Amino acid sequence: MPTPSIEVDRLTKRYGGRPVVQDLSFTVNAGEVYALVGPNGAGKTTVIRLVAGLAFPTEGTVRMLGVNPHGDPGVRRKLGAVVEAPAAFYPYLTGRGNLRLHGRLAGGVADQRIQEVLDMMELGNAAERRVGVYSLGMRQRLGVAAAMLTRPEVLILDEPASGMDPLSLHLVHAVLREAASTGTAVLLSTHHLDEVVAYCTRVAILEEGRLIDEVNLLDRRERYRVTVDEPHRARALLDTQPWIRHAAVRGQDVVFIPVEQGAVGRVTGLLAENELSVLELTRDIFDLRGYYRERIASDRPTHSGVRPPDVGDRA
């Protein structure tokens, strides 16, 4: 089992007696991108502040790289963070000047590394401009650049893509994927559900400070669907194959997870050999937005006070 870089155990935070985070537990491993999603007021920013050591829990514990960040703040030297976007910078300093200041506060960062993160966030041409004239999206990208300065082992970002145009949004997502590929544990809050499916490892759905579901997106990115004339017979056939991990019927489709990528090409041949007509074979794109809406709706009481039945996980 991997050693978690972030461990949250039964975390609770109250303000004036009102619970904002309630009995929350999750882990983020090295090399993972873990997203917190939920409606406004669900407690996402509070969780980010608690994990980053910027707020103290009422109950429960947080451990970062095996250490309590509230009791041993020295562990934050291994943390890169943007909390409560947009990131705060001195508006009269240039982008490069702000990063140099961040680098000095972090204990010294070479100019070469500053140039690297500016280029990484496509801010090289704006490096000598005052941050006061930056757009919101540019300040957001500068915030991510500042968080990446020290090559952190843990990266925590609160709505890093807020206010960004689509090209900047994809840039930030690519940077987060790259950071995770080098072993960084990434925790972020976001409203961009459609893009999350492409690069996150797991997603926690929060409602009123509680974890109501955790979705493993790795399995869902590996799913495919085949449209056939006899889906139940096709599913039974695929279920017997050692190179298929799971198969289920959804309407006229059979949704399946191959053991390895190369197994996908064997499906049409197998079905044809057994006289099953294949109409379409494609990757099954998980509808996180639709699933999210159903989970939030199922968690909220109806006007009669009775909750609707749990939708659970769909094939």
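Quantities reported herein were computed from a predicted structural model and do not represent experimental measurements.
- Looking at Leu176 and Leu157, their side chains come closer than 4.5 Å, going by heavy atoms from C-beta outward.
- Other residues, nucleotides and ligands place more than 12 heavy atoms under 6.0 Å from the CZ atom of Arg283.
- In this model, a donor atom of one side chain and an acceptor atom of the other lie less than 3.5 Å apart for Asn40 and His191.
- Looking at every heavy atom in both residues, Ala147 comes nearest to Ala81 through CB-N, 3.7 Å.
- With sequence neighbours excluded, no residue forms a salt bridge (Lys or Arg N to Asp or Glu O under 4.0 Å) with Arg177.
- Among all heavy-atom pairs drawn from Pro91 and Arg130, the shortest one is O-CB, 3.5 Å.
- Hydrophobic clustering keeps Ile244 apart from Val249 (ILVMFWY residues linked when any side-chain heavy atoms are closer than 4.5 Å, directly or through intermediates).
- In this structure, Thr27 contributes its side chain and Pro4 its backbone to no donor-acceptor pair below 3.5 Å.
- Tested against Leu36 for a side-chain contact (heavy atoms from CB on, under 4.5 Å), the candidates Leu24, Ile48, Ile205 yield a single pass: Ile48.
- No donor-acceptor contact under 3.5 angstrom links the side chains of Asp287 and Tyr292, judged on distance only.
- Under the salt bridge (charged side-chain N to carboxylate O under 4.0 Å, His left out) criterion, the residue pairs touching residues 21-49 are Arg10-Asp23, Glu32-Arg202, Arg49-Glu84, with sequence neighbours excluded.
- Within the 4.5 Å cutoff, no side-chain heavy atoms of Val228 are placed close to those of Leu279.
- For Phe26, the ring pair (Phe, Tyr, Trp, His ring centres under 6.0 Å) criterion is met by Tyr34, not counting sequence neighbours.
- Below 30°, between 30° and 60°, or above 60°: for His102 and Phe89 the angle between ring planes is between 30° and 60°, a tilted geometry.
- Taking hydrophobic clusters as Ile, Leu, Val, Met, Phe, Trp and Tyr residues chained together by side-chain heavy-atom distances below 4.5 Å, Ile257 does not share a cluster with Tyr224.
- Between Pro160 and Val82, every side-chain heavy-atom pair lies at or beyond the 4.5 Å cut-off.
- A continuous path of Ile, Leu, Val, Met, Phe, Trp and Tyr side chains, each step under 4.5 Å between heavy atoms, connects Leu276 with Leu270, placing both in one hydrophobic cluster.
- Contact of the Val267 side chain with the Trp243 side chain is registered, since non-hydrogen atoms from C-beta on lie closer than 4.5 Å.
- Screening residues 150-180 for ring pair (Phe, Tyr, Trp, His ring centres under 6.0 Å), with sequence neighbours left out, gives His173-Tyr199.
- To the nearest 0.5 Å, atom NE2 of residue His232 and atom CD of residue Gln252 are 8.5 Å apart.
- Annotation: the span from Leu155 atom CG to Leu188 atom CG amounts to 8.5 Å, rounded to 0.5 Å.
- Across Asp158 and Ser189, no two heavy atoms sit closer than the pair OD1-OG, 2.5 Å.
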Legend entry - Test log, rule salt bridge (charged side-chain N to carboxylate O under 4.0 Å, His left out), inputs Glu207 and Arg295: CA-CA 9 Å; Glu207 167 75 333; Arg295 290 301 286 117; over 6 Å; no
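- In this structure Thr268 satisfies the side chain to side chain contact (heavy atoms under 4.5 Å, CB included) test together with Val278, Leu281, sequence neighbours excluded.
- With respect to Lys13 and Glu59, no salt bridge is recorded, no charged nitrogen being found less than 4.0 Å from a carboxylate O.
- If you take CD on Gln22 and CG on Leu206, they are separated by 11.0 Å, rounding to the nearest 0.5 Å.
- Applying the side chain to side chain contact (heavy atoms under 4.5 Å, CB included) criterion to Ile114, with sequence neighbours excluded, gives Arg96, Leu99, Arg100, Val109, Asp111, Leu118, Leu149.
- Residue Leu169 is found outside any hydrophobic cluster, as its side-chain heavy atoms come under 4.5 Å of no other Ile, Leu, Val, Met, Phe, Trp or Tyr.
- Distance alone, capped at 3.5 Å, places no donor-acceptor pair between the Glu128 side chain and the Gly95 backbone.
- Annotation: side chain to side chain contact (heavy atoms under 4.5 Å, CB included) contacts of Lys78 (sequence neighbours excluded): Leu65, Glu153.
- Shortest non-hydrogen contact noted between Ala106 and Thr150 is CB-CG2, 3.7 Å.
- For the atom pair CG of Asp119 and CD of Gln115, the computed distance is 4.5 Å after rounding to the nearest 0.5 Å.
- At least one side-chain heavy atom of Val33 sits under 4.5 Å from a side-chain heavy atom of Cys200.
- Val196 places a side-chain heavy atom less than 4.5 Å from the side chain of Leu288.
- Nearest heavy-atom pair across Leu237 and Thr240 is O-OG1, 2.6 Å.
- Looking at Arg77, its side chain never comes within 3.5 Å of a backbone N or O of Gly107 through a donor-acceptor pair.
- Under the rule for a ring pair (Phe, Tyr, Trp, His ring centres under 6.0 Å), Tyr15 has no partner lying at least two apart in sequence or in another chain.
- In this view, Glu122 satisfies the salt bridge (Lys or Arg N to Asp or Glu O under 4.0 Å) rule with no residue, not counting sequence neighbours.
- From Arg235, atom CZ reaches atom CG of Asp253 across 14.5 Å, with rounding to the nearest 0.5 Å.
- When all heavy atoms are compared, the tightest approach of Met120 to Met148 is SD-CE, 4.4 Å.
- Contact of the Met121 side chain with the Leu171 side chain is registered, since non-hydrogen atoms from C-beta on lie closer than 4.5 Å.
- Linking Ile, Leu, Val, Met, Phe, Trp and Tyr residues whenever their side-chain heavy atoms come within less than 4.5 Å places Leu193 and Ile296 in a single cluster.
- Within the 4.5 Å cutoff, the side chain of Ile6 has heavy atoms near those of the Val154 side chain.
- The salt bridge (Lys or Arg N to Asp or Glu O under 4.0 Å) test applied to Arg151 returns Glu116, not counting sequence neighbours.
- Under a hydrophobic clustering in which Ile, Leu, Val, Met, Phe, Trp and Tyr are joined whenever their side-chain heavy atoms come within less than 4.5 Å, directly or via other members, Phe286 and Phe256 fall into different clusters.
- Take His70 and apply the side chain to side chain contact (heavy atoms under 4.5 Å, CB included) test, not counting sequence neighbours, and it matches Phe56, Pro57, Val62, Asn68.
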